[in-house]
Amino acid sequence: MRTLLPVAAALGAAGIGYATVVERNWFALRRFEIPVLPPGSEPLRVLHISDAHLTPRRERLMSWIRSLDDLDPHLVVNTGDSIAHVEAVKYFLDSLGPLLDRPGVFVYGSNDLHAPVPRNPLLYLQREGSRKRSSKSVDLPWEKLRDGMLEAGWLDLNNQRGQLTAGGLTIALAGVHDSHIKRDRYAEVKGPADAAADLRLGVMHSPEPRLLDQFASDGYDLLLAGHTHGGQLRVPGYGALTTNCGIDRARVSGLSMHPEISPAGGHTAWLYVSAGLGTSPWAPVRFACRPEASLLTLVPRWA
Ligand SMILES: [Fe+2]
């Protein structure tokens, strides 16, 4: 036992070091092809970013986000939790850099509104516990964040609909504010998605099933969300311990359909949940769940 304890302690320290220093900065670009466009359309490249939780010192993350412009996306979708510090707005906008010159849309996550504080990590395993705002949390300058993206011409989709042209295609959009803190107001965007558009895109921070149901039944083709961090700490062979919202563990990140079983006469949408770029500064670890951005190449529907 005396020899095993130091070995276990050394392994534990190595694991924490790996999760904090190595994997948290080991950014992955995920690529998926999704058949949602009308027949004959040219491919549309959508860059999906989420959950950067940016603080001023994360230079590696900032330069990696900036490098994503090399992918030449037609559209950028930011599903929120972009900042985690009162001074992070300018760093986040600098990180986006040339991406701001492209068509873009955004929604907020709760962490865009309030700075994170140290918390009992076990609260993350309890949905209601993780929703509660700490009295020590300070407000973040989400208006400044919004203004920076609006000035670049990006669309604010927090409980709003919109339309834009990207890659020569007309895209009808709707989005909601963060359901995790009950700011979503689907009633303000509900109704059939524009059937005349080339693509109908639903955008939200947290992939709450009741919202996914509504977007899908209103005819949205592709739904994009973040929030889950892919579980952030995954157990090899088991996966995420929690999704921190209502979606099932199997769909904590990646591409799936919603509903998973096509309803009779109903519409089924593609769903992509990003595992996100960052972590709360108070939980700076990722294990078996690399930080990511996603390049979703939209192509014509299968015949
Ligand atoms: Fe997040």
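In each ligand, atom 1 is the first atom listed, and ligand 1 is the first ligand listed.
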Value rounded to 0.5 Å, distance of OG in Ser67 from CZ in Phe27: 9.5 Å

Below 4.0 angstrom, N of the basic side chain to O of the carboxylate: do Asp248 and Arg251 qualify? yes

List the atom pairs, donor and acceptor, that lie under 3.5 Å between side-chain atoms in residues 197-205 and the rest of the protein, sequence neighbours left out.
{"from": "Asp198", "atom 1": "OD2", "to": "Thr170", "atom 2": "N", "distance (Å)": "2.8"}
{"from": "Arg200", "atom 1": "NE", "to": "Asp221", "atom 2": "OD2", "distance (Å)": "3.0"}
{"from": "Arg200", "atom 1": "NH1", "to": "Asp194", "atom 2": "O", "distance (Å)": "2.9"}
{"from": "Arg200", "atom 1": "NH1", "to": "Ala195", "atom 2": "O", "distance (Å)": "3.4"}
{"from": "Arg200", "atom 1": "NH1", "to": "Ala197", "atom 2": "O", "distance (Å)": "2.8"}
{"from": "Arg200", "atom 1": "NH2", "to": "Asp221", "atom 2": "OD2", "distance (Å)": "3.2"}
{"from": "His205", "atom 1": "ND1", "to": "Thr79", "atom 2": "O", "distance (Å)": "2.7"}
{"from": "His205", "atom 1": "NE2", "to": "Asp81", "atom 2": "OD2", "distance (Å)": "3.4"}
{"from": "His205", "atom 1": "NE2", "to": "His227", "atom 2": "ND1", "distance (Å)": "3.3"}

Please give the remaining members of the hydrophobic cluster of Val299, linking ILVMFWY side chains under 4.5 Å, ordered by chain and number. none

Measure distances from the Fe ion (ligand 1) and count the protein N, O or S atoms below 2.8 Å. 4

Leu61, Leu100, Leu54 screened by side chain to side chain contact (heavy atoms under 4.5 Å, CB included) with Ser95, the one that passes: Leu54

Suppose we screen for ring-ring contact (aromatic ring centres under 6.0 Å, His included). Which residues come up paired with Tyr186, at least two apart in sequence or across chains? Phe215

